[in-house]
Amino acid sequence: MKKPHYQVITAESAGFCFGVQKAVDAVCKEIARGEKIHTYGPIIHNERVVSDFEKKGVRVVETPEEIDGLTGGTLVIRSHGVSKERFEQIQSSRVRCIDATCPFVKRIHRIVEEESAKGAQIVIIGNAGHPEVEGIMGWSSTPAAVIGKAEEAESYRGDPERPVCVVSQTTFQVEKFNELIAILQKRRYNMSIVNTICNATRERQEEARRIAKIADVMIVIGGRTSSNSAKLYEICRKECPNTFFIQTVEDLALELTGEEKVIGITAGASTPKNIIEEVQNHVRDGKF
Ligand code: SF4
């Protein structure tokens, strides 16, 4: 086989983070026990993993009504976590609950619950509608604001008489977080800022940026609905205009000029190792 004219660099931080691994392991353990098993929402943002689990009998439950309808078995809460209301509903339902909420997300729930109980207004730097953000909102005893864009930070108006507590979605982009905080700080609220972006995310983003800076082509592997993968794509794209977002090796369609020296690969927190290895092997063998 002809040796490729480029070097392939795969990010060491690519793939499952600790929280996702823990949730996936919890499901695998239950399958092995032969339990009737459900997950509240797809366990991770990866269609292949979810469909493999489905084939093994894992059912995805999407609504509170469906939880009420369950008569037995196990329900796994995924790493994103859920709101306090949903958590209590699951605890008092007829299923055994396995809480695989990532401890880093749990910490945010605690901060939000405590600070809102003390009277603080909660601001979440994150993407509205993302399940992790929805869950965090649900631990605040007062309505929480979600800010994901500069315009939203500009138009945020809190009560100047009450403190503001700011937290972030664990997978938010570090640079963007700092930019939004700088906008909020102009308003001189009595503001406490807890940067709750998790280390796994920070390291993954920094490594992706470092590789993209020297890469001629960059490949980001992630699920269509994975917000941390979408952010990785954004980061890489800034450094390397030839950045491609793919879900699996089937999406790989590179057109090379022959001048490339480095092809970089990274992947979101919900991308399994075998998918990353498949892509890496195809790129190394020039099969695309
Ligand atoms: Fe936990 Fe961080 Fe993974 Fe989110 S990205 S599940 S906070 S380890």
Side-chain angles (χ1 to χ4, degrees), residues 11 13-20 23 41 44-45 78-83 101-112 115-116 120-140 144-156 158 164-186 189 191-210 212 220 222-239 243 245 266-271:
S13 57
F16 282 4
C17 61
F18 144 85
V20 166
I44 61 171
H45 292 296
R78 58 189 174 174
S79 54
H80 290 325
V82 290
S83 67
T101 308
C102 178
F104 302 132
V105 178
K106 277 263 184 226
R107 175 176 165 246
I108 309 177
H109 292 173
R110 269 198 306 274
I111 295 170
V112 165
E115 292 303 314
S116 64
Q121 307 166 83
I122 303 295
V123 171
I124 305 162
I125 302 289
N127 300 113
H130 187 280
E132 182 191 312
V133 172
E134 300 268 303
I136 296 169
M137 285 175 84
W139 287 85
S140 174
V146 180
I147 295 178
K149 297 189 194 122
E151 309 86 85
E152 290 162 359
E154 295 285 359
S155 61
Y156 173 73
V164 176
C165 170
V166 186
V167 295
S168 60
Q169 184 180 346
T170 55
T171 52
F172 206 72
Q173 202 178 315
V174 183
E175 269 177 12
K176 222 165 166 186
F177 174 83
N178 293 334
E179 182 196 319
L180 299 177
I181 291 293
I183 299 174
L184 290 175
Q185 275 171 332
K186 286 194 286 189
Y189 291 111
M191 195 159 79
S192 61
I193 302 156
V194 199
N195 182 340
T196 48
I197 298 176
C198 97
N199 266 341
T201 304
R202 229 182 285 244
E203 279 162 22
R204 186 191 309 273
Q205 292 179 353
E206 275 162 23
E207 193 185 15
R209 186 176 293 113
R210 271 200 311 275
V220 179
R224 225 192 307 268
T225 53
S226 156
S227 101
N228 81 86
S229 307
K231 281 167 202 149
L232 272 185
Y233 173 75
E234 248 179 70
I235 290 170
C236 293
R237 184 85 208 239
K238 261 196 197 158
E239 306 294 341
T243 297
F245 189 93
T266 188
S270 44
T271 309

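If you read the sequence from its start, that first residue is 1, and numbering goes on from there.
- The line from OG of Ser168 to CG of Leu180 is 10.5 Å long, rounded to the nearest 0.5 Å.
- Side-chain atoms of Ser270 never come within 3.5 Å of backbone atoms of Ile44 as a donor-acceptor pair (strictly under, hydrogens ignored).
- A side-chain donor-acceptor contact under 3.5 Å links Arg204 to the backbone of Gly15.
- For Glu115 (side chain) and Ile111 (main-chain N/O), no donor-acceptor pair under 3.5 Å exists by modelled atom type.
- A donor-acceptor pair shorter than 3.5 Å cannot be found between the side chains of Glu132 and Thr171.
- Considering all non-hydrogen atoms of both residues, Trp139 and Ser83 come closest at NE1-C, 3.5 Å.
- With a 4.5 Å cut-off on side-chain heavy atoms, Thr101 and His109 count as touching.
- To the nearest 0.5 Å, atoms NE2 (His80) and SG (Cys102) are separated by 11.0 Å.
- Once rounded to the nearest 0.5 Å, the distance linking CG of Asn178 with CD1 of Ile183 reads 11.5 Å.
- Across all non-hydrogen atoms, the minimal contact from Ile124 to Ala144 is CD1-CB, 4.1 Å.
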- Query: Between Gln169 and Ile125, is a side chain to side chain contact (heavy atoms under 4.5 Å, CB included) present by the stated rule, with each step listed?
  - Reply: CA-CA 6 Å; Gln169 184 180 346; Ile125 302 289; over 6 Å; no
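- Atom CG of Asn127 is separated from atom CD of Glu134 by 11.0 Å, given to the nearest 0.5 angstrom.
- By the 4.5 Å heavy-atom criterion applied to side chains, Thr201 and Asn228 are not counted as neighbours.
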- Item | Residues Val123, Met191; criterion side chain to side chain contact (heavy atoms under 4.5 Å, CB included); working and verdict | CA-CA 10 Å; Val123 171; Met191 195 159 79; over 6 Å; no
- Message: side chain to side chain contact (heavy atoms under 4.5 Å, CB included), that's the test. Do Gln173 and Glu179 meet it? Break it down for me.
- Response: CA-CA 10 Å; Gln173 202 178 315; Glu179 182 196 319; over 6 Å; no
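- A pairwise comparison of heavy atoms in Ser226 and His45 identifies CB-CB, 3.7 Å as the closest pair.
- Residues Glu207 and Thr266 fail the side-chain proximity criterion, which asks for heavy atoms closer than 4.5 Å.
- Among all heavy-atom pairs drawn from Ser79 and Ala23, the shortest one is N-CB, 4.1 Å.
- A distance-only check finds no donor-acceptor pair linking the side chain of Tyr156 to the backbone of Ile147 [under 3.5 Å].
- Minimum interatomic distance between Ile122 and Ser140 (heavy atoms only, all atoms of both residues): CG1-OG, 3.5 Å.
- Side-chain N or O atoms of Arg202 include none that pairs as donor or acceptor with a backbone N or O of Val174 at under 3.5 Å.
- In this structure, CD on Glu206 lies 7.0 Å from CZ on Arg210, to the nearest 0.5 angstrom.
- Environment of CZ in Arg209: crowded, with over 12 heavy atoms of neighbouring residues, nucleotides or ligands closer than 6.0 Å.
- Formation of a donor-acceptor pair under 3.5 Å by the Arg237 side chain with backbone atoms of Thr243 is not found in this model.
- Within 6.0 Å of NZ on Lys238 lie no more than 12 heavy atoms contributed by other residues, nucleotides or ligands.
- Here the shortest heavy-atom pairing between Cys165 and Ala120 reads CB-CB, 4.2 Å.
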- Task: Kindly determine whether Glu203 and Ser13 satisfy side-chain hydrogen bond (donor to acceptor under 3.5 Å, both in side chains), including the steps that lead there.
- Result: CA-CA 7 Å; Glu203 279 162 22; Ser13 57; over 6 Å; no
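- Taken from CD in Gln205 to CD in Glu234, the straight-line distance is 9.5 Å, to the nearest 0.5 Å.
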